[in-house]
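Model, not experiment: these values are computed from the prediction. Proteins get letters first, then strands, A, B, ... in listed order; numbering begins at 1 in each.
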Amino acid sequence: MHDLRALREQAVELRAALRRRGQEQALAPIIDRAVQLDGDRRSTIQAVEERKAARNTLSQEVARKKKAGQSADEEQAGSRALGEEIATLESELAAAQGELDSLLLQLPNAVLADVPAGGEESNTVVRSWGEPRAASGVAPHWEVGEKLGLIDLPRGAKIAGSGFIVFRGAGAGLVRGLLNLMLDLHTREHGYEETWVPVLANRAAMTGTSQLPKFEEDMYALSTDELFLIPTAEVPLTNLYREEILPEAELPKSFAAYSPCFRREAGSHGKDTRGLLRVHEFDKVELVRYALPDRSAAELELLTGHAERVLQLLELPYRVVLLAAGDTGFASAKTYDLEVFAPGVGKWLEVSSCSNFTDFQARRADIRYRPADGGKPRFVHTLNGSGLALPRIIAALLEHGQQPDGSVLLPEALRSYTRTDRLT
RNA sequence: GGACAGGUGGCCGAGUGGUUGAAGGCACCGGUCUCGAAAACCGGCAUACCGGCAACGGUAUCGAGAGUUCGAAUCUCUCCCUGUCCGCCA
């Protein structure tokens with residue numbers, strides 16, 4: 001969410017940022033309307049408060065007169081009349097405020113200056129690591145997974161539907177091993193606080209991280225209880241400190257949590273959905289950081305490095321892609337995607353998305369810090385990244401580690417977790 | 001799920017319709033005192049919005065929302081949360 005004052009005073013800058021996302025045309029009317037509503041709103045506020053001040057004065061006069069045993073009928077009548085005016089003005093105000101709020105929630109974050117303008121085609125590979133394995137002769141992971149008895153897609157579909165996976169035997173062990181490896185790495189070596197969070201979240205939490213109101217149809221909802229299944233642990237982790245003020249000395253704060261993630265993926269059937277590529281429920285270790293504003297750019301690099309470290313330990317070749325403005329998510333100001341190469345499907349798979357949300361989520365969720373010098377509370381900056389999402393990692397491992405005899409060799413660092421160096 | 005009791009400032013805690021944004025205490029910050037510290041004493045210490053260059057002024061906020069009233073932390077209703085007991089239960 002944007003600051004109203006910034007919207008008013010820096011409308012030009014905001015429009016430029018939206019232009020780089022390719023959304024200026026679509027969103028300009030929203031900005032114009034918001035600025036107009038803001039003006040209306042402020043003049044109404046003045047009118048209301050003027051009357052409230054007058055009413056407060058009259059009420060005290062009533063109290064004084066009554067205490068003195070005098071009649072206060074005149075004051076009471078005047079106060080009543082003011083009350084009626086106030087009620088009228090307040091309903092105008094509520095209408096303007098309501099429209100303004102819903103408009104503000106529709107405006108995406110402004111991207112940072114070093115984010116390239118344009119759409120997906122302007123995404124930039126900033127670095128890569130490892131050598132992608134030649135694709136020839138490598139079977140896709142769904143074949144290997146089925147042959148080795150690691151993945152049971154038909155029975156997953158029987159239980160919950162297409163896009164729900166059953167991992168079996170060493171496949172289930174692989175899931176557990178990967179989660180433990182990631183959590184151990186981030187908590188012991190990267191300094192994150194290990195966290196276990198609810199996978200259901202309410203509307204306020206979902207709005208704080210901006211899953212709502214825009215993406216309601218992408219989530220599973222429990223309508224009787226007004227709860228949603230989280231699409232990522234970003235939601236609970238970022239809402240940990242919703243409506244709180246943190247001492248500056250506590251920043252940065254960092255949290256790592258495993259959670260299952262639920263995504264309806266409405267409308268995305270047919271494209272890259274085979275096997276483990278796109279599923280409705282998957283496991284992920286999520287990293288969230290709360291940072292000082294002037295540190296968030298550096299923190300994004302740090303966070304991305306933490307996620308990369310997992311891929312290095314897993315010996316999976318990957319590249320780091322700086323998303324162009326038009327491909328950057330709604331709430332994000334800058335995003336790096338980590339893509340790992342899967343030779344069996346011959347594709348780079350997105351396994352992590354690391355973003356700096358600047359104060360966009362903090363403003364929505366009202367997460368602030370009090371500066372060490374005792375000044376006014378300021379919004380923190382929030383960041384998050386997957387570290388990492390499992391199914392595609394498993395796909396990459398099954399394809400990358402394939403041996404001529406059909407077995408799968410596991411990376412060194414994973415072996416102590418899986419208690420085996422090879423899946424057969 | 002049922003019954004009862006509660007939700008007041010960073011914390012504790014007064015306050016059942018009228019200068020209560022809110023007594024008092026603790027914590028914290030500044031000062032006096034002291035060689036220094038402690039104690040004591042004095043002062044300060046919420047957030048948001050609106051107006052103003054500013055000084056400052058105004059409005060709102062006592063779990064949330066709605067209502068009654070000239071006026072609500074105080075009365076009514078709905079909801080949320082916490083505690084205790086009962087029921088149910090992995």
Which one, A48(B), U59(B), G18(B), comes nearest to the side chain of Ser59(A)?
G18(B)

Side chain of Arg370(A), heavy atoms from C-beta onward: which of U47(B), C49(B), G18(B) has the nearest atom to it?
U47(B)

Hey, does Leu58(A) reach any base, or is it just sugar-phosphate, or nothing, if we go heavy atoms under 4.0 Å?
nothing

How would you label the contact of Asp73(A) with the nucleic acid (heavy atoms, under 4.0 Å): base, sugar-phosphate, or nothing?
nothing

Need one value for Glu75(A): base, sugar-phosphate or nothing, where a base atom within 4.0 Å counts as base even if backbone is also close, heavy atoms only.
nothing

Would you mind telling me which residue lines up with the more 5' stretch of RNA chain B, Asp3(A) or Ala63(A), judged by nearest nucleotide?
Ala63(A)

Applying a 4.0 Å non-hydrogen cut-off, can you work out what Arg41(A) is touching in the nucleic acid: base, sugar-phosphate, or nothing?
sugar-phosphate

How about Arg242(A): does its CZ atom have over 12 heavy atoms from other parts shown lying under 6.0 Å from it?
yes

Taking all non-hydrogen atoms of both residues, which atom of Arg21(A) and which atom of Ala325(A) are closest, and how far apart?
CG-O, 3.4 Å

Classify Arg55(A) by what it touches in the nucleic acid, base, sugar-phosphate, or nothing, heavy-atom distance under 4.0 Å.
sugar-phosphate

Assess Arg289(A) against Tyr192(A): is NZ or CZ under 6.0 Å from the centre of the six-membered ring, and within 45 degrees of the ring's axis?
yes

Taking the six-membered ring for Trp, are Tyr369(A) and Phe379(A) closer than 6.0 Å centroid to centroid?
no

Using the side-chain heavy atoms of Arg42(A), tell me which of these nucleotides is nearest: G51(B), U47(B), G58(B).
G51(B)

